[in-house]
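I have placed the structure first, in the form of structure tokens, so that the comments after it can refer back to it.
What you see below is based on every heavy atom in this structure, not just the backbone, and it leaves out hydrogens, waters and symmetry mates.
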Amino acid sequence: MIRAILFDLDETLFDHRQAVAYAATAWTESFSPGHELLTEVPALWLDLEARHLPSWHAGECSFDEQRRRRLRDFCRRLGLPLPTDLDAAYGDFLLHYEAAWAAFPDAAQAMDALSGLGLTLGVLTNGVPVQQEAKLRRIGLMDRLDPVLTPDALGGNFKPTAACYLAAAAKLGLRPQEILLVGDNRDLDAIGPTTVGMHGVWLDRYGTPQERDDHATGGPPRITSLLELPALLNCRRRP
């Protein structure tokens, strides 16, 4: 019986890709108006994010240092002058990023559909608590999701480590088998939790062709909208 659903945040409830596209473009234009690679800037930022965040997760550097490394690479790839104060420059990026914060349209609708079912609805994210909680407040979901679990609250453990999922279950006071994790990252949110008996669902918002038949071959369930969750949950809750 599923008693709790934990949601990833970025690209699951919160439209991180759209906010990054706006912020990275605006930040680049402030340094180099009309830059010839401006249309490639959003994808570049996301690529560098994926490259540098694991260093922080592995304890190889601080959260702020991975930001500095990301910004150095970003400037080098675009041929931009390196800011003297990388932290201040990243702060300018954050101003643009925060101005574009928004929820996916199906997020609140899914909360409405799941309310009244006696389920605990929370968040399990690899982000830092101050920023992730600020996002939830801005997009109007903070009061609808409790707890909000970050590595800070889970002994410094990040998805997809078994310790992270087990610590999350302990925080909820539930067995892993009673928890469903939903998120956009197939490995972190759908496959990873199954290693400890937790259930995982992959939210494939943008359609990944090579994975379309994944569930049919024994992989995790795949949905393309959070509005598909109630039907999926109903199937799992049947005796």
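The shortest distance between side-chain heavy atoms of Pro160 and Tyr165 falls below 4.5 Å. Inter-residue side-chain proximity for His35 and Leu78 is flagged as met; some heavy-atom pair is nearer than 4.5 Å. Looking at heavy atoms from C-beta onward, Thr120 lies out of side-chain contact with Arg3 at the 4.5 angstrom threshold. With a 4.5 Å cut-off on side-chain heavy atoms, Pro193 and Leu181 count as touching. Looking only at side-chain heavy atoms (C-beta outward), Pro147 and Val123 stay at 4.5 Å or farther from each other. At least one side-chain heavy atom of Glu11 sits under 4.5 Å from a side-chain heavy atom of Arg17. You'll find the side chain of Ile191 stays beyond 4.5 Å of the side chain of Trp202, heavy atoms only. Here the side chains of Cys164 and Phe158 are not in contact, with every heavy-atom distance at 4.5 Å or above.
Partner Phe93 forms a ring-ring contact (aromatic ring centres under 6.0 Å, His included) with one of Trp45, Phe31, Trp27 and no other, that one being Trp45.
In this structure a side-chain-to-backbone donor-acceptor pair under 3.5 Å is missing from Asp73 to Arg70. Remark: side-chain polar atoms of Thr195 are not paired, donor with acceptor, to backbone N or O of Ala162 under 3.5 angstrom. Of the possible polar contacts, one joining the Thr25 side chain to the Ala21 backbone as a donor-acceptor pair under 3.5 Å is found. Without hydrogens or angle criteria, Glu133 side chain to Met142 main chain gives no donor-acceptor distance under 3.5 Å. Between the side chain of Gln131 and the main chain of Val128, no donor-acceptor pair closer than 3.5 Å is present. Side chain of Asp204 to backbone of Gly207: a donor-acceptor contact under 3.5 angstrom is found. Panel note: side chain Ser32, backbone Thr28; no donor-acceptor pair is recorded below 3.5 Å.
What you find for Gln18 and Ala100 is that their closest heavy atoms are OE1-O, 3.1 Å. In plain terms, the two heavy atoms of Asp10 and Lys135 that are nearest each other are OD1-NZ, 2.9 Å. The two residues Leu226 and Ala110 make their nearest non-hydrogen contact at CB-CB, 3.7 Å.
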Item checked: Pair Leu53-Gln66, side chain to side chain contact (heavy atoms under 4.5 Å, CB included): steps then yes or no -> CA-CA 6 Å; Leu53 277 172; Gln66 63 83 22; 3.7 Å; yes
Margin query: Please determine whether side chain to side chain contact (heavy atoms under 4.5 Å, CB included) holds for the pair Leu233 and Leu229, giving the CA-CA distance in whole Å, both sets of side-chain angles, and the decisive distance to 0.1 Å.
Written below: CA-CA 6 Å; Leu233 183 66; Leu229 267 180; 5.7 Å; no
Check: Is there a side chain to side chain contact (heavy atoms under 4.5 Å, CB included) between Asn126 and Leu188 once you walk through the steps?
Finding: CA-CA 10 Å; Asn126 275 348; Leu188 275 59; 3.5 Å; yes
Next item on the list: Apply ring-ring contact (aromatic ring centres under 6.0 Å, His included) to the pair Tyr97 and His16, showing each step before the final yes or no.
Entry: CA-CA 9 Å; Tyr97 178 59; His16 176 67; 5.6 Å; yes
Check: side chain to side chain contact (heavy atoms under 4.5 Å, CB included) between Asp184 and Tyr206: does it pass, once the steps are laid out?
Finding: CA-CA 10 Å; Asp184 70 292; Tyr206 305 106; over 6 Å; no
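Annotation: the span from Asp189 atom CG to Leu6 atom CG amounts to 10.0 Å, rounded to 0.5 Å. Put simply, OG on Ser55 and CZ on Arg69 are 5.5 Å apart, with the number rounded to the nearest 0.5 Å. Rounded to the nearest 0.5 Å, atoms CG (Leu119) and CD (Glu178) are 11.5 Å apart. For the atom pair Met111 CE and Leu13 CG, the distance stands at 5.5 Å (nearest 0.5 Å). The distance from atom CG of Leu80 to atom CG of Leu37, rounded to the nearest 0.5 Å, is 9.0 Å. Taken to the nearest 0.5 Å, the CZ atom of Arg77 stands 5.0 Å off from the CG atom of Leu44.
A salt bridge links Arg144 with Asp112: the closest approach of a Lys/Arg side-chain nitrogen to an acidic carboxylate oxygen falls below 4.0 angstrom. Between Arg51 and Asp47, at least one side-chain nitrogen of the basic residue sits less than 4.0 Å from a carboxylate oxygen of the acidic one, meeting the salt-bridge criterion. Salt-bridge formation is not detected for the pair Arg137/Glu98: no Lys NZ or Arg NE/NH1/NH2 atom is positioned less than 4.0 Å from an Asp or Glu carboxylate oxygen. Contact check on Arg67 versus Asp87 returns no salt bridge, with no Lys/Arg side-chain nitrogen under 4.0 Å from an Asp/Glu carboxylate oxygen.
Stacking of Arg205 on the aromatic ring of Phe104 is recorded, both the 6.0 Å distance cut-off and the 45° axial limit being met.
Judged by distance alone, the side chains of Thr125 and Gln132 do bring a donor and an acceptor atom under 3.5 Å apart. Defined by atom type and a distance below 3.5 Å, a donor-acceptor pair is present between the side-chain atoms of Thr224 and Glu228.
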